[in-house]
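Just so it is clear, the model here is predicted, and its values are computed rather than measured. Chain naming here is simple, since letters A, B, ... match the order of the sequence lines and numbering starts at 1 in each.
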Number of protein chains: 2
Amino acid sequence: MSTRAVRKEEEENLLRRADDLCRQNNLRLTPIRERVYRELVQSGGPVGAYDLVDRLSSDKKRLAPVTIYRALDFLRDAGLVHRLATQNSYVVSHGQPDVNAMKIMFVDSKTGETIEVHSTEVAEAVRKAAEQAGFKSVSPFMEVEGELNRQS
Amino acid sequence: MSTRAVRKEEEENLLRRADDLCRQNNLRLTPIRERVYRELVQSGGPVGAYDLVDRLSSDKKRLAPVTIYRALDFLRDAGLVHRLATQNSYVVSHGQPDVNAMKIMFVDSKTGETIEVHSTEVAEAVRKAAEQAGFKSVSPFMEVEGELNRQS
DNA sequence: TTATTTTTGATACAAAGTAGCAAAACGAAA
DNA sequence: TTTCGTTTTGCTACTTTGTATCAAAAATAA
Ligand SMILES: [Zn+2]
Ligand SMILES: [Zn+2]
Ligand SMILES: [Zn+2]
Ligand SMILES: [Zn+2]
(Lines give C-alpha, C1' and ligand atoms only; values in the text may rest on other atoms or scores of the structure.)
(Ligands and ions follow the chains in the order given, each with its own letter.)
Protein backbone atom coordinates (compact mmCIF):
# COMPACT_ATOMS: atom_id res chain seq x y z
CA MET A 1 0.00 0.00 0.00
CA SER A 2 1.36 3.41 -0.95
CA THR A 3 2.15 5.92 1.75
CA ARG A 4 -0.32 8.16 -0.04
CA ALA A 5 -3.04 5.57 0.48
CA VAL A 6 -2.01 5.12 4.09
CA ARG A 7 -2.42 8.80 4.72
CA LYS A 8 -5.78 8.84 3.03
CA GLU A 9 -6.88 6.03 5.31
CA GLU A 10 -5.67 7.90 8.39
CA GLU A 11 -7.63 10.91 7.28
CA GLU A 12 -10.77 8.86 6.99
CA ASN A 13 -10.15 7.36 10.41
CA LEU A 14 -9.90 10.79 11.96
CA LEU A 15 -13.05 11.96 10.23
CA ARG A 16 -14.95 8.88 11.33
CA ARG A 17 -13.77 9.24 14.91
CA ALA A 18 -14.73 12.90 14.96
CA ASP A 19 -18.14 11.94 13.68
CA ASP A 20 -18.53 9.29 16.38
CA LEU A 21 -17.34 11.61 19.12
CA CYS A 22 -19.85 14.25 18.15
CA ARG A 23 -22.70 11.79 17.85
CA GLN A 24 -21.95 10.35 21.28
CA ASN A 25 -21.88 13.78 22.89
CA ASN A 26 -24.83 15.28 21.07
CA LEU A 27 -22.60 17.73 19.27
CA ARG A 28 -23.46 18.76 15.76
CA LEU A 29 -20.68 18.31 13.27
CA THR A 30 -22.28 20.61 10.72
CA PRO A 31 -21.01 20.96 7.14
CA ILE A 32 -18.68 23.94 7.73
CA ARG A 33 -17.37 22.44 10.94
CA GLU A 34 -16.59 19.24 9.12
CA ARG A 35 -15.04 21.09 6.20
CA VAL A 36 -12.76 23.01 8.58
CA TYR A 37 -11.79 19.83 10.38
CA ARG A 38 -11.21 18.00 7.10
CA GLU A 39 -9.02 20.81 5.82
CA LEU A 40 -6.92 20.68 8.97
CA VAL A 41 -6.63 16.91 8.74
CA GLN A 42 -5.63 17.00 5.09
CA SER A 43 -3.07 19.73 5.62
CA GLY A 44 -1.23 17.47 8.04
CA GLY A 45 -0.07 20.39 10.16
CA PRO A 46 -0.98 23.71 11.72
CA VAL A 47 -2.98 26.14 9.61
CA GLY A 48 -3.87 29.77 10.33
CA ALA A 49 -7.48 30.88 10.56
CA TYR A 50 -7.22 33.21 7.57
CA ASP A 51 -5.55 30.45 5.59
CA LEU A 52 -8.62 28.35 6.28
CA VAL A 53 -10.80 31.22 5.12
CA ASP A 54 -8.95 31.23 1.81
CA ARG A 55 -8.89 27.49 1.37
CA LEU A 56 -12.56 27.02 2.10
CA SER A 57 -13.73 29.98 0.07
CA SER A 58 -14.67 29.62 -3.57
CA ASP A 59 -14.84 32.36 -6.15
CA LYS A 60 -18.58 32.48 -5.74
CA LYS A 61 -18.70 32.34 -1.98
CA ARG A 62 -16.21 34.09 0.28
CA LEU A 63 -16.47 32.92 3.89
CA ALA A 64 -16.29 35.49 6.66
CA PRO A 65 -13.48 35.05 9.17
CA VAL A 66 -15.96 34.77 11.99
CA THR A 67 -17.44 31.69 10.36
CA ILE A 68 -14.10 29.95 10.54
CA TYR A 69 -13.44 31.12 14.07
CA ARG A 70 -16.77 29.75 15.18
CA ALA A 71 -16.08 26.40 13.61
CA LEU A 72 -12.64 26.35 15.21
CA ASP A 73 -14.14 27.20 18.58
CA PHE A 74 -16.52 24.31 18.26
CA LEU A 75 -13.77 21.90 17.27
CA ARG A 76 -11.56 23.06 20.12
CA ASP A 77 -14.36 22.70 22.65
CA ALA A 78 -14.91 19.19 21.33
CA GLY A 79 -11.20 18.45 21.85
CA LEU A 80 -10.66 17.74 18.17
CA VAL A 81 -8.40 20.69 17.48
CA HIS A 82 -5.72 22.56 19.38
CA ARG A 83 -4.79 26.19 19.06
CA LEU A 84 -1.08 26.89 18.86
CA ALA A 85 -0.85 30.22 20.61
CA THR A 86 2.77 30.83 19.68
CA GLN A 87 2.00 30.30 15.99
CA ASN A 88 -1.47 31.76 15.71
CA SER A 89 -2.56 28.55 14.12
CA TYR A 90 -4.70 25.49 14.60
CA VAL A 91 -3.91 21.82 14.39
CA VAL A 92 -5.80 18.55 14.75
CA SER A 93 -5.42 16.66 17.97
CA HIS A 94 -4.08 13.18 17.45
CA GLY A 95 -4.20 10.21 19.76
CA GLN A 96 -6.91 9.01 22.10
CA PRO A 97 -7.36 11.46 24.89
CA ASP A 98 -5.52 9.75 27.71
CA VAL A 99 -6.84 11.49 30.78
CA ASN A 100 -3.67 11.07 32.80
CA ALA A 101 -1.25 12.18 30.13
CA MET A 102 0.03 15.62 29.26
CA LYS A 103 -0.49 16.34 25.57
CA ILE A 104 2.64 18.09 24.44
CA MET A 105 2.69 19.78 21.09
CA PHE A 106 6.28 20.19 20.02
CA VAL A 107 6.65 22.97 17.48
CA ASP A 108 9.71 23.24 15.28
CA SER A 109 11.00 26.79 15.58
CA LYS A 110 12.16 26.85 11.98
CA THR A 111 9.36 25.27 9.99
CA GLY A 112 6.40 25.36 12.35
CA GLU A 113 6.03 21.62 11.93
CA THR A 114 4.40 19.98 14.95
CA ILE A 115 4.46 16.60 16.63
CA GLU A 116 2.13 15.67 19.46
CA VAL A 117 3.37 13.42 22.24
CA HIS A 118 1.44 12.22 25.27
CA SER A 119 3.40 11.72 28.46
CA THR A 120 2.28 10.74 31.92
CA GLU A 121 5.75 11.52 33.29
CA VAL A 122 5.52 15.12 32.17
CA ALA A 123 1.96 15.30 33.45
CA GLU A 124 3.10 14.12 36.87
CA ALA A 125 6.07 16.47 37.03
CA VAL A 126 3.96 19.44 35.95
CA ARG A 127 1.30 18.53 38.48
CA LYS A 128 3.94 18.66 41.23
CA ALA A 129 5.25 21.99 40.01
CA ALA A 130 1.70 23.32 39.85
CA GLU A 131 1.15 22.36 43.45
CA GLN A 132 4.23 24.35 44.40
CA ALA A 133 2.83 27.32 42.52
CA GLY A 134 -0.50 27.05 44.31
CA PHE A 135 -2.42 25.75 41.32
CA LYS A 136 -5.01 23.07 41.96
CA SER A 137 -5.43 21.96 38.37
CA VAL A 138 -3.70 22.49 35.10
CA SER A 139 -4.57 22.16 31.45
CA PRO A 140 -3.62 18.78 29.96
CA PHE A 141 -2.21 20.53 26.95
CA MET A 142 1.00 22.43 26.41
CA GLU A 143 3.09 23.77 23.61
CA VAL A 144 6.86 23.61 23.53
CA GLU A 145 9.09 25.10 20.90
CA GLY A 146 12.23 23.29 19.85
CA GLU A 147 14.36 22.09 17.00
CA LEU A 148 13.44 19.04 15.03
CA ASN A 149 16.19 16.64 14.00
CA ARG A 150 16.60 17.38 10.34
CA GLN A 151 16.86 13.95 8.76
CA SER A 152 17.59 14.65 5.11
CA MET B 1 9.12 46.38 57.31
CA SER B 2 5.87 46.87 55.42
CA THR B 3 4.99 44.54 52.59
CA ARG B 4 4.86 47.63 50.44
CA ALA B 5 8.47 48.38 51.28
CA VAL B 6 9.42 44.78 50.66
CA ARG B 7 7.95 44.94 47.20
CA LYS B 8 9.71 48.18 46.49
CA GLU B 9 12.97 46.55 47.47
CA GLU B 10 12.29 43.57 45.21
CA GLU B 11 11.62 45.94 42.36
CA GLU B 12 14.94 47.63 42.90
CA ASN B 13 16.70 44.29 43.06
CA LEU B 14 15.25 43.31 39.71
CA LEU B 15 16.22 46.60 38.16
CA ARG B 16 19.75 46.33 39.48
CA ARG B 17 20.11 42.76 38.26
CA ALA B 18 18.81 43.71 34.83
CA ASP B 19 21.33 46.50 34.73
CA ASP B 20 24.15 44.16 35.70
CA LEU B 21 23.10 41.53 33.19
CA CYS B 22 23.10 44.04 30.37
CA ARG B 23 26.41 45.52 31.36
CA GLN B 24 28.02 42.09 31.52
CA ASN B 25 26.73 41.14 28.09
CA ASN B 26 27.36 44.44 26.37
CA LEU B 27 23.66 45.05 25.96
CA ARG B 28 22.31 48.55 26.13
CA LEU B 29 19.53 49.07 28.62
CA THR B 30 18.45 52.36 27.11
CA PRO B 31 15.93 54.68 28.80
CA ILE B 32 12.89 53.39 27.01
CA ARG B 33 13.91 49.76 27.48
CA GLU B 34 14.38 50.39 31.16
CA ARG B 35 11.06 52.20 31.41
CA VAL B 36 9.28 49.26 29.80
CA TYR B 37 11.02 46.81 32.09
CA ARG B 38 10.30 48.95 35.14
CA GLU B 39 6.64 49.20 34.23
CA LEU B 40 6.42 45.42 33.92
CA VAL B 41 8.20 44.97 37.24
CA GLN B 42 5.96 47.43 39.03
CA SER B 43 2.78 45.96 37.60
CA GLY B 44 3.67 42.64 39.23
CA GLY B 45 2.04 40.64 36.46
CA PRO B 46 1.49 40.27 32.73
CA VAL B 47 0.77 43.43 30.75
CA GLY B 48 -0.28 43.81 27.14
CA ALA B 49 1.86 45.74 24.67
CA TYR B 50 -0.78 48.37 24.03
CA ASP B 51 -1.32 48.73 27.76
CA LEU B 52 2.36 49.57 28.00
CA VAL B 53 1.93 52.10 25.22
CA ASP B 54 -0.76 53.82 27.27
CA ARG B 55 1.07 53.65 30.54
CA LEU B 56 4.32 55.00 29.17
CA SER B 57 2.74 57.70 27.07
CA SER B 58 2.17 61.18 28.42
CA ASP B 59 -0.26 63.74 27.14
CA LYS B 60 2.56 65.49 25.36
CA LYS B 61 4.24 62.44 23.91
CA ARG B 62 2.38 59.43 22.60
CA LEU B 63 4.68 56.45 22.02
CA ALA B 64 4.26 54.41 18.87
CA PRO B 65 3.43 50.73 19.38
CA VAL B 66 6.52 49.70 17.47
CA THR B 67 8.65 51.47 20.06
CA ILE B 68 7.21 49.27 22.79
CA TYR B 69 7.49 46.14 20.68
CA ARG B 70 11.13 46.85 20.02
CA ALA B 71 11.84 47.34 23.69
CA LEU B 72 9.98 44.13 24.48
CA ASP B 73 11.95 42.28 21.84
CA PHE B 74 15.17 43.48 23.39
CA LEU B 75 14.08 42.48 26.87
CA ARG B 76 12.95 39.07 25.68
CA ASP B 77 16.21 38.46 23.85
CA ALA B 78 18.01 39.38 27.04
CA GLY B 79 15.92 36.85 28.94
CA LEU B 80 14.45 39.49 31.20
CA VAL B 81 10.90 39.21 29.95
CA HIS B 82 8.67 36.43 28.70
CA ARG B 83 5.85 36.66 26.24
CA LEU B 84 2.68 34.85 27.25
CA ALA B 85 1.39 33.71 23.89
CA THR B 86 -1.96 32.56 25.22
CA GLN B 87 -2.59 35.96 26.82
CA ASN B 88 -0.98 38.28 24.31
CA SER B 89 0.96 39.79 27.15
CA TYR B 90 4.40 40.19 28.61
CA VAL B 91 5.75 39.46 32.04
CA VAL B 92 9.08 39.77 33.84
CA SER B 93 11.14 36.63 34.27
CA HIS B 94 11.87 35.88 37.88
CA GLY B 95 14.56 33.69 39.36
CA GLN B 96 18.13 33.14 38.31
CA PRO B 97 18.22 31.42 34.97
CA ASP B 98 18.99 27.86 36.01
CA VAL B 99 20.21 26.32 32.80
CA ASN B 100 18.97 22.84 33.64
CA ALA B 101 15.51 23.83 34.77
CA MET B 102 12.31 24.27 32.82
CA LYS B 103 10.81 27.68 33.48
CA ILE B 104 7.10 27.08 33.75
CA MET B 105 4.77 30.02 33.71
CA PHE B 106 1.48 28.97 35.26
CA VAL B 107 -1.34 31.21 34.13
CA ASP B 108 -4.61 31.36 36.02
CA SER B 109 -7.40 30.86 33.49
CA LYS B 110 -9.73 33.19 35.34
CA THR B 111 -7.61 36.17 36.31
CA GLY B 112 -4.56 35.89 34.10
CA GLU B 113 -2.39 35.95 37.20
CA THR B 114 0.92 34.16 36.68
CA ILE B 115 3.42 32.33 38.83
CA GLU B 116 6.78 31.17 37.53
CA VAL B 117 8.26 27.91 38.78
CA HIS B 118 11.54 26.35 37.77
CA SER B 119 11.70 22.56 37.69
CA THR B 120 14.47 20.21 36.67
CA GLU B 121 12.06 17.27 36.90
CA VAL B 122 9.77 18.78 34.29
CA ALA B 123 12.79 19.70 32.19
CA GLU B 124 14.00 16.13 32.25
CA ALA B 125 10.59 14.63 31.45
CA VAL B 126 10.04 17.07 28.60
CA ARG B 127 13.50 16.36 27.24
CA LYS B 128 12.64 12.64 27.12
CA ALA B 129 9.33 13.32 25.41
CA ALA B 130 11.10 15.58 22.93
CA GLU B 131 13.52 12.81 22.08
CA GLN B 132 10.55 10.57 21.29
CA ALA B 133 9.16 13.26 19.04
CA GLY B 134 12.46 13.61 17.21
CA PHE B 135 13.36 16.96 18.69
CA LYS B 136 16.99 17.53 19.58
CA SER B 137 16.45 20.57 21.75
CA VAL B 138 13.58 22.40 23.32
CA SER B 139 12.91 25.83 24.70
CA PRO B 140 13.50 26.11 28.44
CA PHE B 141 10.28 28.02 28.79
CA MET B 142 6.68 26.92 28.73
CA GLU B 143 3.28 28.23 29.60
CA VAL B 144 0.60 26.19 31.29
CA GLU B 145 -2.93 27.31 32.02
CA GLY B 146 -4.64 26.20 35.18
CA GLU B 147 -6.68 27.21 38.17
CA LEU B 148 -5.11 28.96 41.08
CA ASN B 149 -6.18 28.02 44.59
CA ARG B 150 -8.40 30.88 45.56
CA GLN B 151 -7.32 31.73 49.07
CA SER B 152 -9.86 34.26 50.28
C1' DT C 1 36.47 64.89 13.81
C1' DT C 2 34.45 61.71 10.71
C1' DA C 3 32.55 57.43 9.66
C1' DT C 4 29.77 53.44 11.05
C1' DT C 5 26.47 51.14 13.69
C1' DT C 6 22.58 51.10 16.64
C1' DT C 7 18.53 52.98 18.26
C1' DT C 8 14.40 55.77 18.02
C1' DG C 9 10.43 58.35 15.75
C1' DA C 10 6.61 58.59 12.62
C1' DT C 11 3.43 56.87 9.40
C1' DA C 12 1.18 53.56 7.44
C1' DC C 13 -0.05 48.91 7.07
C1' DA C 14 -0.94 43.82 7.87
C1' DA C 15 -2.68 40.04 10.51
C1' DA C 16 -5.62 38.04 13.97
C1' DG C 17 -9.81 37.97 16.26
C1' DT C 18 -14.66 39.83 17.85
C1' DA C 19 -19.45 42.36 18.38
C1' DG C 20 -24.04 42.71 16.94
C1' DC C 21 -27.90 41.60 14.67
C1' DA C 22 -30.84 39.42 11.22
C1' DA C 23 -31.78 35.25 8.43
C1' DA C 24 -31.79 30.45 8.11
C1' DA C 25 -31.74 25.82 9.73
C1' DC C 26 -32.75 22.65 13.19
C1' DG C 27 -35.26 20.04 16.87
C1' DA C 28 -38.83 19.27 19.95
C1' DA C 29 -43.65 19.79 20.98
C1' DA C 30 -48.30 20.20 20.03
C1' DT D 1 -47.57 19.06 9.96
C1' DT D 2 -47.47 23.29 12.00
C1' DT D 3 -45.64 25.92 15.73
C1' DC D 4 -42.15 27.65 18.50
C1' DG D 5 -37.87 28.09 20.82
C1' DT D 6 -32.90 27.14 20.13
C1' DT D 7 -28.81 26.80 17.60
C1' DT D 8 -26.22 27.94 13.73
C1' DT D 9 -24.88 30.80 9.86
C1' DG D 10 -24.23 35.19 7.05
C1' DC D 11 -23.00 39.74 6.89
C1' DT D 12 -20.97 44.15 8.07
C1' DA D 13 -18.21 46.52 10.55
C1' DC D 14 -14.92 46.89 14.13
C1' DT D 15 -11.10 46.06 17.67
C1' DT D 16 -6.76 44.32 19.03
C1' DT D 17 -2.18 42.87 18.13
C1' DG D 18 1.88 43.19 15.68
C1' DT D 19 5.12 44.87 11.33
C1' DA D 20 7.33 47.23 7.27
C1' DT D 21 9.68 51.23 5.84
C1' DC D 22 12.43 54.88 5.92
C1' DA D 23 14.33 59.02 7.95
C1' DA D 24 16.29 61.31 12.14
C1' DA D 25 18.95 60.92 16.16
C1' DA D 26 22.17 58.98 19.19
C1' DA D 27 25.89 56.19 20.43
C1' DT D 28 30.30 53.86 19.28
C1' DA D 29 34.39 53.35 16.69
C1' DA D 30 38.13 55.03 13.84
ZN1 LIG E 1 -15.90 27.67 23.12
ZN1 LIG F 1 -4.22 16.64 21.45
ZN1 LIG G 1 14.76 39.54 18.94
ZN1 LIG H 1 11.68 33.13 33.38
Problem - Nucleotide C:dG9, atom C1' - distance to CD1 of B:Ile68 in whole Å - result: 12 Å

Completion exercise
DNA chain D: first to last nucleotide in contact with chain B (atom under 4.0 angstrom from a heavy atom), 5' to 3', is D:dT17 to D:dT28

Practice task
For the residue pair A:His118 and A:His94, establish whether any side-chain heavy-atom pair is separated by less than 4.5 Å.
Solution key: no

Exercise for the section: Give one of base, sugar-phosphate or nothing for B:Phe74, where a contact means two heavy atoms less than 4.0 Å apart. Expected result: nothing

Completion exercise
From CG of A:Asp51 across to C1' of C:dA16 the rounded distance in Å is 12 Å

Handout entry: Between C1' of C:dT5 and CG of B:Leu27, the distance in whole Å
Key = 15 Å

Exercise for the section: Using only side-chain N and O atoms of A:Arg70, determine if any of them is under 4.0 Å from OP1 or OP2 of C:dG17. Expected result: no

Practice task
Figure out the CG/C1' separation between A:Leu84 and C:dA15, and round it to whole Å.
Solution key: 17 Å

Exercise for the section: Figure out the CG/C1' separation between A:Leu29 and C:dC26, and round it to whole Å. Expected result: 15 Å

Practice task
Report the residue (B:Thr67 or B:Arg28) whose heavy-atom-nearest nucleotide on DNA chain C is the more 5′ of the two.
Solution key: B:Arg28

Exercise for the section: Would you indicate whether the side-chain heavy atoms of B:Arg76 and B:Tyr90 approach each other to under 4.5 Å? Expected result: yes

Practice task
Return the value, rounded to whole Å, for the distance between atom CD of B:Glu34 and atom C1' of C:dT7.
Solution key: 16 Å

Problem - Heavy-atom pair with the smallest gap, counting every atom of B:Val53 and B:Ser57 - result: O-OG, 2.7 Å

Completion exercise
Heavy-atom nearest pair, B:Arg33 first then B:Leu75, reads O-CD1, 3.8 Å

Problem - Close side-chain approach of B:Arg83 to B:Leu72, heavy-atom, < 4.5 Å - result: no

Handout entry: Side-chain heavy atoms of B:Phe135 within contact of A:Asp108, under 4.5 Å
Key = yes

Practice task
Could you pick out which residue, A:Tyr50 or A:Ala71, lies toward the 5' side of DNA chain D when each is mapped onto its nearest nucleotide?
Solution key: A:Ala71

Problem - B:Glu116 and B:Lys103 ion-paired at < 4.0 Å - result: no

Handout entry: Minimum heavy-atom distance B:Ala123-B:Met102, with the two atoms named
Key = CB-N, 3.5 Å

Fill in the blank from the handout: In short, B:Cys22 meets B:Leu80 closest at the heavy-atom pair SG-CD1, 4.3 Å

Handout entry: Under-4.0 Å side-chain N/O to phosphate OP1/OP2 contact, A:Tyr69 with C:dG17
Key = yes

Exercise for the section: Indicate yes or no: does A:Glu12 engage A:Arg16 in a salt bridge with an N to O separation below 4.0 Å. Expected result: no

Exercise for the section: Heavy atoms only: give me the nearest A:Ser89-A:Pro46 pair and the separation to one decimal. Expected result: OG-CB, 3.3 Å

Handout entry: Bend angle of the helix from C:dT1-D:dA30 to C:dA30-D:dT1, end axes from five pairs each (to 10°)
Key = 30°

Practice task
May I ask you to list the residues of residues 52-66 of chain B, by number, that have any heavy atom positioned under 4.0 Å from an atom of DNA chain C?
Solution key: B:Lys61, B:Ala64, B:Val66

